[in-house]
Protein chains: 2
Amino acid sequence: MKHDMATYELFFGSLSNPNRLQIIILLRAGPKNVNEICLALGFEQTMVSHNLKRLEKCGMVMVEVQGKFRFYTLNMKTITPLMELIDAHMSMYCSHVVHPDGKMCH
Amino acid sequence: MKHDMATYELFFGSLSNPNRLQIIILLRAGPKNVNEICLALGFEQTMVSHNLKRLEKCGMVMVEVQGKFRFYTLNMKTITPLMELIDAHMSMYCSHVVHPDGKMCH
DNA sequence: TTCATATATGTCAAAAACATCATATGATAT
DNA sequence: ATATCATATGATGTTTTTGACATATATGAA
């Protein structure tokens, strides 16, 4: 472990919220500006901006300003191997933890 | 992305807590029972048990019962490449986000 | 069986994270 | 210069997460 705990907390915490995860999934299809994200997901604008800020802070998205628009791009270099790793992990160790309806079991 | 969002939320949420991260870091040195973890980190027993349960639920640790003791083992197969990925990511994109004193900047 | 040790579980108050509201900033168009 | 659109920021009430306490369970010892 190279970094301090606050760094890991920032990183994992940024990915542990359902709205942020939905934004991430959406951005896998390509860069989008804020309003496009709002429309695609039915989210309120300020909520999206707040969450994009958090994702940007941990390097998960990058922003490109185009006039009054701001296009957000997903950091594929990280997110692709990360999701592969977790998919493999969850398939192997935790296929039981989440029910089809999305609720966890105990 | 193979799994549903609740699965990712469970996984990342389990790793986004400083006490759980400390437990993970400690277990990298080898399996420990609950009381050993408490003593090593100065944590209270029930807090450790609660957090170990959460880490177990997402497959990050495994438990081996030995009499009245329960030894917890870190899932190195996942944690090692995961931490490598994040170290590389944070070095490249976010070396600025955390100050030497551990506080984030804005 | 009774006691002590090791750990887990249920409950709840405090703390943290969150979404929303109100507002500010910044850019383009008129 | 002002209006409008796109997005960001600050404050706040609400929800969620968390750790601590009380207690339960389970194992081994006496």
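Only a predicted model underlies this, so the values are computations on that prediction, with no experimental measurement involved.
Rounded to an integer number of Å, the gap from B:Lys32 NZ to C:dT7 P is 13 Å. Residue B:Asn35 contributes atom CG, which lies 17 Å from atom P of D:dG28 at whole-angstrom precision. The interatomic distance linking B:Arg54 (CZ) with D:dG19 (C1') rounds to 14 Å, in whole Å. What separates CG of A:Leu15 from P of C:dA17 is a distance of 15 Å, to the nearest Å. Computed from coordinates, the B:Leu55 CG to D:dG19 P distance equals 11 Å when rounded to whole Å. Atom C1' of nucleotide D:dG19 and atom CD of B:Gln22 are separated by 14 Å, given to the nearest angstrom. Distance B:Asn19 CG to D:dT17 C1': 12 Å, rounded to the nearest Å. Going from atom CZ of A:Phe43 over to atom P of C:dC18 covers 13 Å, rounded to whole Å.
OP1 or OP2 of C:dA8 has not a single side-chain nitrogen or oxygen of B:Lys53 nearer than 4.0 Å. Phosphate proximity of C:dA17 to A:Asn17: absent, as no side-chain N or O sits under 4.0 Å from OP1 or OP2.
Nearest nucleotide to the A:Glu44 side chain, out of C:dC18, C:dT20, D:dT7: C:dT20. Closest to the side chain of A:Gln45, out of D:dA8, D:dA22, C:dT7, is D:dA8. Closest to the side chain of B:His50, from the set D:dC21, D:dT18, C:dC21, is D:dC21.
Residues B:Glu84 and B:Thr80 bring no donor and acceptor atom of their side chains to less than 3.5 Å of each other. Residues B:Thr7 and B:Glu9 have side chains that never bring a donor and an acceptor to within less than 3.5 angstrom of each other.
Cluster membership check: B:Phe69 does not share its hydrophobic cluster with B:Leu55, using side-chain heavy-atom separations under 4.5 Å among Ile, Leu, Val, Met, Phe, Trp and Tyr. Note on A:Ile86 and B:Met76: same hydrophobic cluster, where clusters join Ile, Leu, Val, Met, Phe, Trp and Tyr whose side-chain heavy atoms are under 4.5 Å apart, directly or indirectly.
Using a 4.0 Å cutoff on non-hydrogen atoms, the parts of residues 62-76 of chain B near DNA chain D are B:Gly67, B:Lys68, ordered by number.
Within 4.0 Å of B:Met47, counting heavy atoms only, lie sugar-phosphate atoms of the nucleic acid but no base atom.
Side-chain atoms of A:Asn75 come within 3.5 Å of backbone N or O of A:Gly59 as a donor-acceptor pair.
Ring-plane geometry between A:His89 and A:Tyr93 is classed as tilted, the angle between the planes lying from 30 to 60 degrees on a 0 to 90 degree scale.
Across the interface with DNA chain C, nearest-nucleotide mapping of A:Gly13 and B:Asn33 shows B:Asn33 to be the residue nearer the 5′ end.
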Which pairs of donor and acceptor atoms, one on a side chain in residues 17-25 of chain A, lie under 3.5 Å apart (sequence neighbours left out)?
from	atom 1	to	atom 2	distance (Å)
A:Asn17	OD1	A:Asn19	N	2.9
A:Asn17	OD1	A:Arg20	N	2.9
A:Arg20	NE	A:Ser14	O	2.8
A:Arg20	NH1	A:Asn51	OD1	2.9
A:Arg20	NH2	A:Gly13	O	3.1

